[in-house]
Amino acid sequence: MIDQLFPADLPSPEHWEQRYPPRELPQGALVTRLGPSPTGYMHIGTIYMAMIDLDVAHRSDGRYLVRIEDTDQAREVQGALEQFDRAFSYFSLEPDEREGHGGYGPYHQSERSAIYMSYARELLRQSKAYLCFATSAELAEMRKLQQQAKVPPGYYGRWATWRDATPAQVEAKLAEGTPYVVRFRSPGIPGRRVEFDEAIRGRLSAEDNYNDVVILKSSQLPDRLPTYHFAHAVDDHLMRVNLVIRGEEWLPSVPMHLQLFEALGFEPPRYAHTALLMKQIPGGKRKLSKRKDPEASVDFYLQAGYPAKAVLYYLRGLANGSLAEMPLDAALEAPIKLSELGGAGPLIDQVKLEDISADHIATLSTQQILAALRIWARRYDPELADVLDAQHDLALAALAVERVGVPNPRKDLRKWSDFRSAYGFFFSELFTPVTLGDERLGTLPDDLVRAFAADFAEGYQDLSDKDEWFAQIRDLAAKHGFAPTAKQFKQAPQEYAGSITHASQVIRVALTGSRQSPDLFSVARVLGKDEVLRRVSSLTR
RNA sequence: GGCCCCGUCGUCUAGCGGCCCAGGACGCCGCCCUCUCAAGGCGGUAGCGCCGGUUCAAAUCCGGUCGGGGCUACCA
C-alpha cells in the first residue's frame with residue numbers, strides 16, 4: 001500500500017547516499033549552510049548569518065553553501081532570489097556552493113522532491129511515519145479543545161487519531177481521494193528529558209519531543225514537498241553539513257530534529273543558535289521584523305548606501321564584542337568565534353552604524369569615495385550618477401574639501417545617499433541660486449543683504465590665501481555694521497547689524513544654499529570666481 | 001498557559017571569586033577650537049534587575065524571584 005503512493009521508479013535512500021558521498025575535506029573542516037527562504041526580501045539578520053557561516057567554514061578549510069528553502073510555494077515572492085544575489089554580492093558573501101555551483105545540488109528544495117520522498121517512503125515502510133488524513137478544520141478544533149483542557153497543543157497521544165489507524169481505515173480514505181500528509185511517529189515520551197550540546201550555549205536540556213510533526217505536506221501532485229524539519233534532516237545530511245548555524249527561534253525544535261536524524265539513521269550535526277537581532281519598541285524590544293521594520297531589510301542598507309565594510313564591521317562587532325574594539329580592517333580579518341557569540345539578542349543601533357560608517361568613509365581617498373558613490377548612484381540615484389559622470393573632476397575637487405591634506409577629514413558622509421545634501425551644491429545642475437527673502441538667509445533685512453552681497457560681488461577676488469580671502473568678508477562686514485567677533489556682538493547687540501558670523505552666513509547661503517557647509521574659502525575656490533559671482537549676484541536682484 | 005533561551009551604563013559590550021566603590025565604544029551634557037556645520041581636543045553623565053545562600057571575599061558560583069525574548073503551523 002505504501003509503495004503505491006510513490007512513483008515506482010523512486011530511488012532508494014542508498015541511491016542518494018552514493019550520489020552525495022561524504023566530502024573529502026581535512027580533519028575538522030566545517031561545512032555550513034544558509035537556508036534563506038524566498039518569502040520576502042532578505043533580512044539583515046540573514047547577512048549576519050551568512051557572514052558567520054562563511055567565516056567559520058573558511059577558517060576551518062571547510063565549505064559554505066546556500067540552499068534556497070522554497071518549500072512554501074504559497075508565500076513565495078517574485079524577485080526575492082535576485083535580491084539575494086545582489087545582497088550576497090554587495091557584501092562579498094558569495095557561497096562556495098549554490099545552484100549551478102557544487103556537487104551536492106540541486107540547491108533549491110523545490111527541486112529535491114524525489115529525495116525527500118525516498119526517505120519518507122523508507123520511514124513509512126519502517127512504520128516510523130504514517131499517513132494522516134486530519135483536515136485543517138479538525139486540527140483547529142483539536143487545538144481548541146486542548147486549550148480548554150489546558151494541555152499542550154499538538155498531535156500526540158490520544159489526539160493523534162491517525163497514528164494507530166488500521167490499514168482498512170487508511171485504505172478507505174485513500175480510495176475516497178482524501179488529501180493526506182505524512183507524519184513522523186515520534187518516539188518521545190512526555191516528561192522525558194533530553195540533553196544535547198550547543199556550540200554557543202553549551203550543554204542544554206529540554207523536554208523530549210513527543211509531537212508527531214508533519215514531514216511531507218499534502219499535495220494534489222505526485223511530487224510532495226517536505227516541511228522545514230524534514231528537509232533540514234535530509235538536506236543537511238546529504239549535503240554533508242556538519243555545523244548548523246541558525247537563528248535562536250529553532251532552539252526549541254532541536255529535540256525533534258535529533259529524533260528525525262536518529263530515525264533516518266543520520267549522524268546529527270553540531271548546532272549553533274544565534275541570538276536574534278532585535279529592535280527597540282516603546283514598551284521594550286522584539287525581534288526585527290521584515291514586515292514591520294524597514295531597517296530589517298537588506299535593501300534598506302543598499303538603498304541608503306552604507307558601505308559594505310561598515311555594515312560588516314558593525315555586524316561583526318555584534319557577533320563578537322571583542323571585534324568591535326578593533327580597527328575595521330583588523331576586525332574584518334579576525335575570526336568570529338562561536339563560543340564568543342552572545343546569548344542575548346542585540347538591539348540594532350542605527351546611530352552606531354552611522355558613526356562607524358562615517359569613520360570608515362573618512363579613511364577612503366576621494367577616488368575611492370567617488371568610485372563607490374558612482375556605483376551606488378547608478379542604481380539608486382541616476383540623476384546624480386549622470387552629474388558625477390559628467391563632472392568627474394569637479395566631484396573629486398568637491399570631495400577633497402577638508403578631506404585631502406588635513407589632519408581630520410570631514411565626516412559628513414555616513415552613507416552614499418548623504419552626498420546629495422552634503423555636496424550637491426557644488427554642481428550647478430543640482431543647485432538653485434538663492435534669492436532675496438529666502439528664509440535660509442535668516443532675519444537680516446533684505447536691504448542689508450542686498451547691499452552686502454552687491455559689495456562683495458563687486459570687489460570679489462579669487463584669492464588663494466585663506467586669510468586674505470576671508471579678509472574680504474571681514475572688511476565688508478565691518479563696513480556694513482557687523483561686529484568683528486561673535487563675542488563683541490553678544491556684548492552689545494544693539495550696536496551692530498549682526499556679527500561676522502551673520503555676514504559669513506549670507507555668503508555661505510548664497511554659495512551653498514545651506515546654513516551649514518564645509519569651509520567657505522575652500523568651497524569658493526572649487527566653485528571658481530565666475531560661479532561665486534553668479535551665486536552671490538543672485539542676492540542683489 | 002506550557003517549554004526553551006537570556007539578564008552589566010540609554011545602546012553594544014569588557015569582566016569568567018580578590019587587579020572592579022566595574023573598563024571601553026556609541027549616544028547625551030559641558031568646555032576648548034571656530035565664519036556655520038561636520039570633525040578634533042578635554043572633561044562629565046549613567047549600569048552589575050531583585051532576594052536569599054556559598055565564601056575571609058561575588059558583577060563573577062548556587063537557588064529562588066522578577067523582567068525581556070523565542071517557540072508552541074501542512075511558515076521558515
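For clarity, every value in this text was computed on a predicted model and none was experimentally measured. Every heavy atom of this structure was used, including side-chain atoms; hydrogens, water molecules and symmetry mates were not. Every chain is numbered from 1, with letters handed out A, B, ... down the list of sequences.
When all heavy atoms are compared, the tightest approach of A/A331 to A/L323 is CB-O, 3.4 Å. Closest approach of A/L260 to A/F230, counting heavy atoms only: CD2-N, 4.4 Å. In this structure, A/P226 and A/A231 approach most closely via the heavy-atom pair CG-CB, 3.7 Å.
No donor-acceptor distance shorter than 3.5 angstrom exists from the side chain of A/E295 to the backbone of A/Q350, with no hydrogens or angles considered. Within the 3.5 Å criterion, the main-chain N or O of A/V214 finds a donor-acceptor partner in the side chain of A/T227. In this structure, A/R203 contributes its side chain and A/E198 its backbone to no donor-acceptor pair below 3.5 Å.
With sequence neighbours left out, the salt bridge (Lys or Arg N to Asp or Glu O under 4.0 Å) criterion links A/D355 to no other residue. The salt bridge (Lys or Arg N to Asp or Glu O under 4.0 Å) search around A/D223 returns none, not counting sequence neighbours.
As rounded to whole Å, 15 Å separates atom P of B/rC5 from atom CZ of A/R246. As rounded to whole Å, 14 Å separates atom C1' of B/rA25 from atom CG of A/L353. Note: NZ (A/K150) to P (B/rG1) measures 10 Å, nearest angstrom. Rounded to an integer number of Å, the gap from CZ of A/F521 to C1' of B/rC37 is 18 Å. Rounded to whole angstrom, the span from the CG atom of A/L204 across to the P atom of B/rC4 amounts to 10 Å. With rounding to whole Å, A/E402 atom CD is found 11 Å from B/rU36 atom C1'.
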Collect all protein-nucleotide pairs involving nucleotides 41-50 of chain B in which both atoms are nitrogen or oxygen and the distance is under 3.5 Å.
none

Which atoms of nucleotides 9-12 of chain B (N or O only) lie under 3.5 Å from a protein N or O atom, and what are those distances?
residue : atom : partner : partner atom : Å
B/rC12  : OP1  : A/L347  : N            : 3.1

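Judged by the 6.0 Å distance and 45° axis criteria, A/R535 is positioned over the aromatic ring of A/F431. Geometrically, A/R224 does not engage A/Y116 in a cation-pi contact defined by less than 6.0 Å to the ring centre and at most 45° from the axis.
When the P atom is used for both B/rC9 and B/rA59, the distance is 15 Å, rounded to whole Å. Rounded to a whole angstrom, the distance from the P atom of B/rC21 to that of B/rC4 is 37 Å.
Taking only side-chain atoms of A/E207, from C-beta outward, the nucleotide of B/rA39, B/rC3, B/rG27 with the closest atom is B/rC3.
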- Note on the structure: For nucleotides 71-76 of chain B, 5' to 3', base contacts (B), sugar-phosphate-only contacts (S) and non-contacts (-) with protein non-hydrogen atoms under 4.0 Å give SSSBBB

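Nearest-nucleotide mapping onto RNA chain B: of A/A206 and A/G342, the residue sitting toward the 5' end is A/A206. Closest-nucleotide positions on RNA chain B for A/Q516 and A/N320 were compared, and the one nearer the 5' end corresponds to A/N320.
No side-chain N or O of A/Q109 forms a donor-acceptor pair with one of A/R112 less than 3.5 Å apart. A donor and an acceptor atom, one from each side chain of A/D197 and A/Y271, are nowhere located under 3.5 Å apart.
Counting only residues at least two apart or on different chains, no ring-ring contact (aromatic ring centres under 6.0 Å, His included) pair has a member in residues 183-206 of chain A.
Sorted by residue number, the members of residues 460-480 of chain A with any non-hydrogen atom under 4.0 Å from RNA chain B read A/K466, A/F470. The stretch residues 409-419 of chain A touches RNA chain B through A/P409, A/R410, A/K411, A/D412, A/R414, each having a heavy atom within less than 4.0 Å of the strand. RNA chain B lies under 4.0 Å from at least one heavy atom of each of the following residues of residues 186-202 of chain A: A/R193, A/R201.
Between the base of B/rU36 and the side chain of A/R515 there is no donor-acceptor pair shorter than 3.5 Å.
Nucleotide B/rG2: paired with B/rC71 (Watson-Crick or G-U wobble, both distances less than 3.5 Å).
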Could you go through residues 139-151 of chain A and list every donor-acceptor pair under 3.5 Å that involves a side-chain atom there, pairing it with any protein atom two or more places apart or in another chain?
residue : atom : partner : partner atom : Å
A/Q146  : OE1  : A/G154  : N            : 3.1
A/Q146  : NE2  : A/G154  : O            : 2.8

N/O donor-acceptor pairs under 3.5 Å from side chains in residues 480-487 of chain A, not counting sequence neighbours:
residue : atom : partner : partner atom : Å
A/H480  : NE2  : A/D455  : OD2          : 2.8
A/T485  : OG1  : A/Q488  : N            : 3.1

Could you pull out every donor-acceptor pair under 3.5 Å between side chains of residues 35-49 of chain A and any protein atom, sequence neighbours left out?
residue : atom : partner : partner atom : Å
A/S37   : OG   : A/E69   : O            : 3.1
A/H43   : ND1  : A/G45   : N            : 2.8
A/H43   : NE2  : A/L288  : O            : 2.9
A/T46   : OG1  : A/H43   : O            : 3.3

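At the heavy-atom level, A/T501 lies under 4.0 Å from the strands shown only through sugar-phosphate atoms.
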